[in-house]
Amino acid sequence: MLKRVLLSETDLPDRWYNIHPDLPAPLPGPLNPLTMAPLQPGDLADLLPRKVIEHEFTQERWVEIPERVRDVYKIWRPSPLVRAERLERALDTPAHIYFKFEGVSPSGSHKPNTAVVQAYYAAEEGVRRLTTETGAGQWGSALSFAGALFGLEVNVYMVRASFEQKPYRKSLMRSWGAEVYSSPTERTEAGRRILAKDPDSPGSIGIAISEAVADAMSRDDTKFALGSIMNNVLLHQTVIGLEAKKQMEIMGEYPDVVIGCVGGGSNYAGLAYPFMQDRLSGERPRTRFVAAEPDACPTLTRGKLAYDYPDTAGLTPPLYMHTLGHDFIPGSIHAGGLRYHGDAPSLCLLKEHGLVEARAFPQTDVFDAAVTFARSEGFVIAPESSHGLKAAIVEALAARAAGQERVVLFNISGHGNFDLAAFDSYLAGTMENPTVTNEQIAESLSVLPSPASSV
Ligand SMILES: *Cc1c(COP(=O)(O)O)cnc(C)c1O
């Protein structure tokens, strides 16, 4: 039995897969935040590199990966695909469990798969400086790494709560040469407005996006980079699933269920979409797709499908997505990358059409799964990724109950080496399970933007 499939660098995909031409229905497009009319590519010209905008709107099924991006990917790609046979034994399940491991990248997650692309195109177009937001620090780290490779100055607006609680992510970003600010800052109008209301604001990803966008808009030499939810980000992440498909083929198996955690949806779409293509084409009509999210931030399971701003101040184009409201501030959970109020529009559409199932899990169940995994397969994985793991375990146990073979594939979006304080809290028995009431959700949903005309 094969344990692990490592492709060689000559097997690295040379194109990304764009799911848009294969979606079961037309995707409602983004809106211009000023006029609420459908967004035109040119509306983004001050904010994003031209090629990134092109990727955002393209309807081409296959998009070529530039040679210089593939060269950087080769530092850690193709990433391993591993059969979790020790976990299978620990669960006493007939299921075959596989994981794709994105924790091998320099910054420790899947995020460099798109950071490298965005930095490359920015540098090619003569941009000198990139701004971005970061929650727990994974995206800020990825962009700092990518910026260093392409000679760009990177400025990161980091959510204050994490800025204070996660000093090592800051060290990592600074090692790659980035500048890191505690958001809300006094540097932008959006930040000053929040601080005037609440000088102790812990910040949020939505606020940090507003600040990074305002900064980028104020300077000609600067563009903005976003680490999830956008079509272009999901496109770049499909390198994960394209590799995984080849690797599963070498294993001689095809997944019955494809699983991942969802913050904004990029690592999950990255793994799932190349398999979803087979489902949509009718070639593999029975493959199931399961997205896992936290109870504390249940966008896919309890959010509303509507237009909403990706950021708190309303500077960014409203997207048609499952949202908890752009003002929503979730309870403090350790999976910082899953504390986001919205999800990628294409993933929401697939969920709406019954092609993706969503599950929400309480925090301690997720860490229980993470510890089971560490004690069987060895890796201490990120709290975010542990949501996908938890869903994979649920599938494996259902297979056991049904006495059924089932091939389960899930994504490990990152390692947990910077999250050990969270594991301490779990092991000490002091970890809490924040949830959210329907009233809280209804309140933050009461301020959604409305489109100019019917869509
Ligand atoms: C950012 C992050 C996530 C969530 O983002 P997606 O866009 O949903 O992938 C998940 N896992 C890790 C390790 C992350 O850093």
Side-chain angles (χ1 to χ4, degrees), residues 79 99-115 118 132-145 156 158-159 162 166 169 172-173 205 208-209 225-241 259-273 290-294 296-300 303 310 319 321-322 330 333-348 350-351 356 358 360-361 366 370 379-391 410-419 422:
S79 70
F99 62 89
K100 180 76 170 154
F101 191 56
E102 291 295 306
V104 292
S105 78
S107 66
S109 79
H110 65 289
K111 291 208 169 74
N113 295 335
T114 182
Q118 296 187 49
T132 197
E133 94 299 342
T134 199
Q138 282 277 20
W139 170 242
S141 309
L143 196 71
S144 302
F145 152 68
V156 182
M158 184 172 188
V159 175
S162 311
K166 307 212 168 182
R169 278 278 161 201
L172 200 53
M173 290 185 262
I205 298 182
I209 297 178
L226 197 60
S228 187
I229 67 164
M230 306 271 289
N231 299 334
N232 76 83
V233 175
L234 272 57
L235 171 74
H236 304 151
Q237 292 295 353
T238 59
V239 68
I240 303 172
I259 301 174
C261 67
V262 170
S266 73
N267 87 85
Y268 181 53
L271 175 70
Y273 282 6
V290 175
E293 62 183 13
C297 193
T299 49
L300 282 172
L319 301 176
M321 61 182 177
H322 279 94
I333 51 166
H334 293 282
L338 307 188
R339 292 179 74 243
Y340 184 65
H341 67 270
D343 295 304
S346 58
L347 185 64
C348 296
L350 291 164
K351 154 98 195 332
V356 169
F361 297 106
V366 166
F379 290 110
V380 174
I381 67 173
E384 290 86 354
S385 320
S386 303
H387 288 73
L389 164 67
K390 171 67 192 172
F410 75 102
N411 199 32
I412 296 184
S413 50
H415 68 61
N417 298 358
F418 289 94
D419 300 284

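Computation of the quantities below employed the complete heavy-atom set of this structure, encompassing side-chain atoms and omitting hydrogens, waters and symmetry-equivalent molecules. Counting starts at 1 for both ligands and their atoms, in listed order.
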Discussion item. To the nearest 0.5 Å, what is the distance between CG on Leu226 and CD on Gln118?
Written reply: 7.5 Å
Worksheet entry | From Ser385 atom OG to His110 atom NE2, the distance as rounded to the nearest 0.5 Å | 8.5 Å
Fill in: Leu271 CG to Lys100 NZ distance, which is reported to the nearest 0.5 Å
8.5 Å
Discussion item. Under a 4.0 angstrom heavy-atom cut-off, which atoms of ligand 1 come close to Ser228?
Written reply: 6 (P), 7 (O)
Worksheet, complete the sentence: Residues passing the side chain to side chain contact (heavy atoms under 4.5 Å, CB included) test with Ala370, sequence neighbours excluded, are Ser386, Phe423
Worksheet entry | Identity and distance of the protein heavy atom lying nearest atom 4 (C) of ligand 1 | Gly337 O, 3.4 Å
Discussion item. Working to the nearest 0.5 angstrom, can you tell me the gap between Ile205 CD1 and Glu133 CD?
Written reply: 6.5 Å
Worksheet item: What atoms of ligand 1 come within less than 4.0 Å of a heavy atom belonging to Gln138?
Response: 13 (C), 15 (O)
Worksheet item: ligand 1 and Leu338, any nitrogen or oxygen pair closer than 3.5 angstrom?
Response: no
Worksheet, complete the sentence: Among Glu293, Lys111, His387, closest by heavy atom to atom 5 (O) of ligand 1 is Lys111
Fill in: Any N/O pair Glu384/ligand 1 closer than 3.5 Å
no
Worksheet item: For ligand 1, which atoms sit closer than 4.0 Å to a heavy atom of Gly414?
Response: 13 (C)
Worksheet item: With distance as the sole criterion, is a donor-acceptor pair present between the side chains of Glu102 and Asn113 under 3.5 Å?
Response: yes
Worksheet item: If you measure from each heavy atom of His110 to ligand 1, is any distance below 4.0 Å?
Response: yes
Worksheet item: Do Ser385 and ligand 1 have an N or O pair less than 3.5 Å apart?
Response: no
Worksheet item: Hey, what's the ring geometry for Phe379 with Phe99, parallel, tilted or perpendicular (30° and 60° as the breaks)?
Response: perpendicular
Fill in: Any N/O pair Cys261/ligand 1 closer than 3.5 Å
no
Fill in: Numbering as shown, the atoms of ligand 1 that approach Ser413 to under 4.0 Å (heavy-atom distance)
10 (C), 11 (N), 12 (C), 13 (C)
Worksheet entry | Val262: numbered ligand 1 atoms lying under 4.0 Å from its heavy atoms | 8 (O)
Item to complete: Identify, for atom 8 (O) of ligand 1, the protein heavy atom at the shortest distance, and state residue, atom and that distance.
Response: Gly263 N, 2.7 Å
Worksheet, complete the sentence: When every non-hydrogen atom of Ile209 is compared with those of Pro310, the smallest separation belongs to CD1-O, 3.6 Å
Worksheet entry | Ile381 side, atom CD1; Phe101 side, atom CZ - distance, nearest 0.5 Å | 8.0 Å
